[in-house]
Amino acid sequence: MSGISVSRGMRDILPPMSIFWEQIIARHNLLAGRYGYAPIETPILEATELFSRGVGSGTDVVEKEMYTLTDKGGRSLTLRPEATASVVRAALFAHLEQRTRPVRLRYSGPMFRYDRPQAGRYRQFSQVGVECIGELSPYLDFEVIALAMEFYAQCGLSGTSLQINSLGSREERAAYRSQLIAYYEPEVAHMCGDCQRRLHVNPLRLLDCKVDHRLAQAAPRLIDQLGPESRQHFETVQMCLAESGVGYVTNPLLVRGLDYYCHTVFEIWHESLDGAQNALGGGGRYDGLAETMGFPSCPGVGYSLGVDRLCAVLENREQSSQLREQLWTEVAILSVGDIAVFEAWKAASRLAELIRGSGVSCSLDVSARKVDAKLKGALAMGARVALLLGEDELRNSEVAVRLLESRSQEQVPWESTVSAVHRALGHPEPGASVTQQEAGRPVGR
RNA sequence: GUGGCCAUAGCUCAGUUGGUUAGAGUGCCAGAUUGUGGCUCUGGAGGUCGAGGGUUCGAAUCCCUCUGGCCACCCCA
């Protein structure tokens, strides 16, 4: 309530959510890594021109949502509103596409859009994503879509719906646009106010008018305007989806807000997010992007998925028994009774070192608080085991190993504390191989 | 960016036509119980009533501005 607060549209990600958050990203890193996507880090701050040219000057993102500032050298810089332009720029500038084709890259991190904040819509939000650069194959469109869907599945998320569409080539798209305007123009007088305004700004939106569906039904359809090559590209993507059992909906109204998209575009929606902000993520092909940034032509396809919304959905749906069990620490070492703090600390920190060394997290509490309070504190941190050190334990070089859930407790000599802890946590006996596996998998279990 | 609703303890919220010292539940701390947790009882701490200005003898309450949140539009993550 008092003190300095976060800025508008920004927020802190606090535990236990932050633990869950980190796992989501770790899971994406691991999965995309298994598909052969290597990590890339690009600057959060980029030349404004990168986005105005790459993303497209007519888009909402560039027109009204950019976080732009001038640095001390008078340069116009912008906090990235999305990552694709940066990643493609970085890859082509370094000629990565001449070493391997396609270049498979993954990223995660914050993006910025100066929008009006709302639930599920923040000025700083995080995305995980991949870009597959250098080949035009529809099989790569499929690869990227399948990867996104597998990621959601691995997060235990159900109720998603994959929406796909084809925008065709740049030329086909432009032709369709003028065709649509020509179709609607004679009817301007009969259209709602929103649509009259949209006609030249974003004619594709007219098809989605909620006031009057009559005109939209007879309107020319983009799918019908695609040339044989574009059509075959799209059909191949759909064949792959069907073949591999990925459910999808073709949605001729799906457009995407960034200029660089062509051919396959897709979004992943979730049933619990209503109308306004129902997109968990999206992506598509961007064969013309490289040229707009002054590079030789180079096709690509990718996606970006919102971490904020995914976490919100998982939390809402109580699929987060995981989330509630998130551990700040697995083991709490407590001093009990009226004992010398320094002696208690010495014993506790020696045990802690051994436990941490065996791959288990633990924290100490040698404060003067009552045991009741310390045990409650251990529960609040999500600990499953408490180690209690009191007068008797110190004298006998023992520790009381207490399972918090079952409230059972046994006295254990200091030398066997580590194996007792692992037994209590239900782990296999600790050994050299265990720590290696730990490194590869997300924290917690 | 346009329009609307809202802001009181860590959290969820009461607070009468403007009236004296702003409450409850929950959580926190302590005691009952010198060493054992989600119960019970007792006590305690915790508020610039989002911020600033105005009206008034007097403002949490009325007015203005700002900040922040939520909703719709736009658009997306």
Side-chain angles (χ1 to χ4, degrees), chain A residues 1-11 14 55 58-66 80-84 108-129 148 192-195 197-198 201-202 204-205 208 210-211 254-258 261 265 267-270 273-283 303-313 332 334-339 344 367-381 383-384 386-394 400-409:
Chain A
M1 270 310 144
S2 59
I4 298 175
S5 60
V6 287
S7 306
R8 180 158 212 210
M10 316 251 171
R11 63 187 187 139
L14 307 168
V55 174
T59 60
D60 276 5
V61 167
V62 168
E63 224 169 44
K64 54 178 206 186
E65 294 174 5
M66 290 219 293
R80 63 180 182 196
E82 59 107 44
T84 302
S108 69
M111 310 295 159
F112 301 82
R113 291 185 200 169
Y114 195 89
D115 213 356
R116 187 93 151 222
Q118 228 169 296
R121 193 172 73 186
Y122 305 98
R123 288 183 175 178
Q124 175 176 340
F125 57 98
S126 279
Q127 293 183 327
V128 294
C192 70
D194 273 344
C195 285
R197 188 174 46 77
R198 285 177 187 138
V201 182
N202 193 349
L204 291 165
R205 276 271 145 205
D208 199 19
K210 280 141 199 144
V211 183
L254 187 68
V255 179
R256 307 285 297 157
L258 314 180
Y261 285 116
V265 293
E267 284 183 4
I268 296 101
W269 295 354
H270 193 264
L273 303 169
D274 48 340
Q277 279 97 238
N278 66 349
L280 282 175
Y303 66 66
S304 57
L305 313 178
V307 178
D308 303 71
R309 284 183 193 172
L310 175 57
C311 284
V313 167
L334 317 177
S335 63
V336 302
D338 186 20
I339 54 173
S367 70
R369 294 195 304 161
K370 288 183 25 166
V371 192
D372 308 45
K374 293 189 196 182
L375 283 167
K376 274 171 88 172
L379 287 166
M381 290 190 307
R384 288 164 59 203
L387 302 184
L388 297 100
L389 285 164
E391 205 177 344
D392 297 345
E393 284 78 11
L394 287 182
V401 178
R402 182 175 181 82
L403 274 87
L404 291 170
E405 196 180 342
S406 66
R407 297 173 185 236
S408 60
Q409 188 170 318

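If you're wondering where the values come from, they're calculated on a predicted model, not measured in any experiment.
B/G31 and B/U21 have their C1' atoms separated by 27 Å, with the value rounded to a whole Å. Across B/C62 and B/U16, the matching P atoms stand 10 Å from one another, rounded to whole Å. Taking the P atom of each, B/U61 and B/U20 are spaced 14 Å apart, rounded to whole Å. Between B/U2 and B/C66, the distance separating the two P atoms is 11 Å to the nearest Å. Nucleotides B/C6 and B/C64, compared at atom P, are 13 Å apart to the nearest Å. When the P atom is used for both B/A9 and B/G1, the distance is 29 Å, rounded to whole Å. Distance check on atom C1': B/G27 versus B/G38 gives 13 Å, rounded to whole Å. For the C1' atom pair drawn from B/A7 and B/C13, the interatomic distance equals 13 Å after rounding to whole Å.
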### Task
Determine, stepwise, if the pair A/Leu310 / A/Val128 fulfils side-chain contact (heavy atoms from CB on, under 4.5 Å).
CA-CA 11 Å; A/Leu310 175 57; A/Val128 294; over 6 Å; no
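Seen from the ring of A/Tyr114, A/Arg123 counts as a face-on cation partner, given the 6.0 Å and 45° thresholds.
Looking at residues two or more places apart in sequence or on another chain, you find a side chain to side chain contact (heavy atoms under 4.5 Å, CB included) between A/Ser7 and A/Met10. Taking A/Arg8 as the reference, nothing meets the side-chain hydrogen bond (donor to acceptor under 3.5 Å, both in side chains) condition, with sequence neighbours excluded. For the side chain to side chain contact (heavy atoms under 4.5 Å, CB included) test, residues two or more places apart in sequence or in another chain that qualify with A/Asp308 are A/Arg11, A/Trp21, A/Tyr122, A/Phe125, A/Ser126. When the salt bridge (charged side-chain N to carboxylate O under 4.0 Å, His left out) test is applied to A/Arg116, no partner is found at least two apart in sequence or on another chain.
For the pair A/Arg309 (side chain) and A/Gly120 (backbone), a donor-acceptor distance under 3.5 Å is present.
If you check every strand for non-hydrogen atoms under 4.0 Å, A/Gly377 touches nothing. Residue-level contact check: A/Arg113 touches the bases, meaning some heavy atom is under 4.0 Å from a base atom.
Nearest heavy atoms, A/His270 versus A/Val313: CE1-CG1, 3.4 Å.
As a whole-Å value, the separation of A/Tyr261 OH from B/C75 P is 16 Å. Atom P of nucleotide B/G68 and atom CD of A/Gln124 are separated by 15 Å, given to the nearest angstrom. Atom CE of A/Met10 is separated from atom C1' of B/A77 by 15 Å (rounded to the nearest Å). What separates CD of A/Gln118 from P of B/C5 is a distance of 16 Å, to the nearest Å. Taking atom CG of residue A/Asp115 and atom C1' of nucleotide B/G69, one finds them 15 Å apart after rounding to whole Å. If you take CZ of A/Arg309 and P of B/A77, they are 8 Å apart, rounded to a whole angstrom. Taking atom NZ on A/Lys64 and atom P on B/C75, their separation rounds to 8 Å, with Å as the unit. Going from atom NZ of A/Lys374 over to atom C1' of B/C28 covers 17 Å, rounded to whole Å.
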### Task
For nucleotides 30-39 of chain B, just jot down a letter per nucleotide in 5' to 3' order: B, S or -, based on protein non-hydrogen atoms under 4.0 Å.
SS---BBBB-
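No side-chain heavy atom of A/Val61 sits under 4.5 Å from any side-chain heavy atom of A/Glu82.
Taking a pair as Watson-Crick or G-U with both hydrogen-bonding distances under 3.5 Å, the stems of three or more pairs touching RNA chain B are B:1-7 with B:67-73, B:10-13 with B:23-26, B:28-32 with B:40-44, B:50-54 with B:62-66.
The pair A/Glu267-A/Arg256 meets the salt-bridge criterion, since a charged nitrogen lies less than 4.0 angstrom from a carboxylate oxygen.
The residue among A/Leu258 and A/Arg8 whose nearest nucleotide of RNA chain B is located toward the 5' end is A/Arg8.
Side chain A/Arg11 to base B/G69: no donor-acceptor pair is found below 3.5 Å.
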